[in-house]
Protein chains: 2
Amino acid sequence: MPNKTNEMIRYVAFRLFVEVGYEATNIRNICKEVDIKPASLYFYYKSKEDLFFSIYDEVWEDKIKVLSNIAELEHNISPNMKLYFLYKRSMDYYSENIIKMKFLLRYHLFPPEDLANIIRDKYREWSGKEDKIIEDIIKQCMERRVLPDDRDLSDYVLEYKTFEREQLIEMIINNIKKNEREFDRSWLRFWNCNMSNSV
Amino acid sequence: MPNKTNEMIRYVAFRLFVEVGYEATNIRNICKEVDIKPASLYFYYKSKEDLFFSIYDEVWEDKIKVLSNIAELEHNISPNMKLYFLYKRSMDYYSENIIKMKFLLRYHLFPPEDLANIIRDKYREWSGKEDKIIEDIIKQCMERRVLPDDRDLSDYVLEYKTFEREQLIEMIINNIKKNEREFDRSWLRFWNCNMSNSV
DNA sequence: GTCTATAAGAGGATAGAC
DNA sequence: GTCTATCCTCTTATAGAC
């Protein structure tokens, strides 16, 4: 049974953490927007750091949940189409949640000094789960010879993740959602140039 | 005739601005490492912001100078080789100056709130100079039909910059210098899939 | 749950001596 | 050029009343 005040705190804090960053976000500003006094925030969170990681984990949890659902959805299709759908629906999710993705990018690329170690550990754990989902599909591609097996599984996973990250960063930097057609063009280039061919 | 203390201030400040960020970098920390008292820093710079932009402009100036030199170097070669050399030598420069590139990426992606407007203006000015260098070479490619002229110049420039940025971000994120062969593979994919073909 | 009041400290910046 | 001393503001966080 989530509390109204708590939801407001999380909403405002998240926005500020993304837009102005952890260090520049201060308790007073959050509370001003939520219309409570700073002391009240400490009823919900024991510290600024506590608030941050509560949000950080929630963003990752949501992302992993969505990716899992996508991966489990398709059954009777070829594994390369599975990977394609994973990509396409990931892009849909990222497009609609660009701010969450910007949040993750920000704190993985440039973590605040005092949170850096914790973020690194949490990142490893969460992105490990992400890897498993991708690995699973690519493994199927290799088993059914949709992808040449002269390369390592981990190599393909890295290739896919790099490609996906490029797309994501382009979205974040340009702050626009690409249209379906552009996503498909990128996919074709990726599949033909980076995956199927071993240049 | 640069002053020894001033050089130290700039060196230390630059490192801290990259690694821990503008907000988390404080005058006291800089001065501690330089082994001077905070008041002394204000003899060289009128504020923290002043120090920051002095470094910001220097990083860009150096980058533009190097790019200009590369572009002016090659004369008797085909324009597509010119673009290839621009790419290759840019990558060499970026590899050897990853920390400077990380600095620029950091402040363009996530500028401190109070500096955001100034950074945006300066960025426009500097990257305009960068665009001119790239434009000049691509224009030659189109004139000599090395690149199909069914696409706009600005379209090609954007394509090149996006490609270059991908390579750069990969270097920064993985914090390693790719080897020559990998750079060449990336170039071939780019040239064949993104430039020569109009998919 | 939310408040008032405040502790405790860190930060940018300046005055003025040497 | 570099220092000591200090101002003033902002920040996280807590104590304790309601």
Side-chain angles (χ1 to χ4, degrees), chain A residues 1-57 103 106-107 110-119, chain B residues 1-57 103 106-107 110-119:
Chain A
M1 48 204 81
N3 180 295
K4 208 74 187 162
T5 304
N6 188 21
E7 279 175 34
M8 281 288 285
I9 292 171
R10 298 176 71 78
Y11 175 80
V12 172
F14 170 69
R15 231 200 48 243
L16 291 173
F17 284 153
V18 179
E19 298 305 341
V20 309
Y22 181 80
E23 290 101 334
T25 299
N26 64 62
I27 305 291
R28 275 182 175 77
N29 286 347
I30 298 172
C31 293
K32 207 176 201 171
E33 277 200 56
V34 178
D35 199 34
I36 54 171
K37 299 296 160 187
S40 301
L41 188 145
Y42 287 91
F43 171 78
Y44 298 96
Y45 302 95
K46 74 173 206 289
S47 66
K48 186 181 172 184
E49 189 180 315
D50 182 35
L51 172 59
F52 176 83
F53 282 117
S54 169
I55 291 171
Y56 177 89
D57 283 330
F103 174 89
R106 172 166 209 147
Y107 292 102
F110 306 112
E113 207 187 5
D114 36 327
L115 309 185
N117 289 335
I118 307 175
I119 290 178
Chain B
M1 47 204 79
N3 179 295
K4 206 76 187 159
T5 303
N6 188 21
E7 279 176 35
M8 279 288 286
I9 292 171
R10 298 175 71 78
Y11 174 79
V12 171
F14 171 68
R15 231 199 50 241
L16 290 174
F17 285 154
V18 179
E19 298 303 340
V20 310
Y22 181 81
E23 291 101 332
T25 298
N26 64 62
I27 306 291
R28 281 179 173 80
N29 286 346
I30 298 172
C31 293
K32 207 175 201 174
E33 275 200 55
V34 179
D35 199 32
I36 55 171
K37 299 295 160 189
S40 301
L41 188 145
Y42 287 91
F43 172 79
Y44 298 96
Y45 302 96
K46 73 171 206 292
S47 65
K48 186 182 172 184
E49 188 180 316
D50 182 35
L51 172 58
F52 175 84
F53 282 116
S54 170
I55 290 171
Y56 178 89
D57 282 330
F103 175 89
R106 173 167 208 144
Y107 292 101
F110 306 112
E113 206 186 5
D114 36 326
L115 309 184
N117 289 337
I118 308 175
I119 289 178

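Chain A is the first sequence line, chain B the second, and so forth, proteins listed ahead of strands; every chain is numbered from 1.
- Rounding to whole angstrom units, CG of residue B:Asp50 and C1' of C:dA13 are separated by 13 Å.
- Contact check of residues 17-40 of chain B against DNA chain D (heavy atom, cut-off under 4.0 Å) returns B:Ile36, B:Lys37, B:Ala39, B:Ser40.
- Using cut-offs of 30° and 60° for the angle between ring planes, the A:Phe110 and B:Phe110 rings count as perpendicular.
- Distance A:Asn6 CG to C:dT2 C1': 14 Å, rounded to the nearest Å.
- Taking only side-chain nitrogens and oxygens, A:Tyr42 comes nearer than 4.0 Å to OP1 or OP2 of D:dA13.
- Here B:Thr5 does not reach the OP1 or OP2 of D:dG1: none of its side-chain N or O atoms lies under 4.0 Å away.
- The side chain of B:Phe43 sits closest to D:dG1 out of C:dA13, D:dG1, D:dA13.
- Applying the ring-ring contact (aromatic ring centres under 6.0 Å, His included) definition to pairs two or more places apart or across chains, none involves residues 26-51 of chain A.
- Rounded to an integer number of Å, the gap from CG of A:Leu41 to C1' of D:dA15 is 17 Å.
- Rounded to whole Å, atom P of D:dG1 lies 13 Å from atom CD of B:Glu7.
- Ring orientation note: the planes of B:Phe17 and B:Phe52 are nearly perpendicular, at an angle over 60° on the 30°/60° scale.
- Ring orientation note: the planes of B:Phe53 and B:Tyr56 are nearly perpendicular, at an angle over 60° on the 30°/60° scale.
- To the nearest angstrom, P of C:dT2 lies 13 Å from NZ of A:Lys4.
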Using atom types as modelled, flag every donor-acceptor pair under 3.5 Å from a side chain in residues 21-34 of chain B to any protein atom, sequence neighbours excluded.
| residue | atom | partner | partner atom | Å |
| --- | --- | --- | --- | --- |
| B:Tyr22 | OH | B:Glu49 | N | 3.4 |
| B:Thr25 | OG1 | B:Leu16 | O | 3.2 |
| B:Thr25 | OG1 | B:Gly21 | O | 2.6 |
| B:Asn26 | OD1 | B:Arg28 | N | 3.2 |
| B:Asn26 | OD1 | B:Asn29 | N | 2.9 |
| B:Glu33 | OE1 | B:Arg15 | NH1 | 3.2 |
| B:Glu33 | OE2 | B:Arg15 | NH2 | 3.1 |

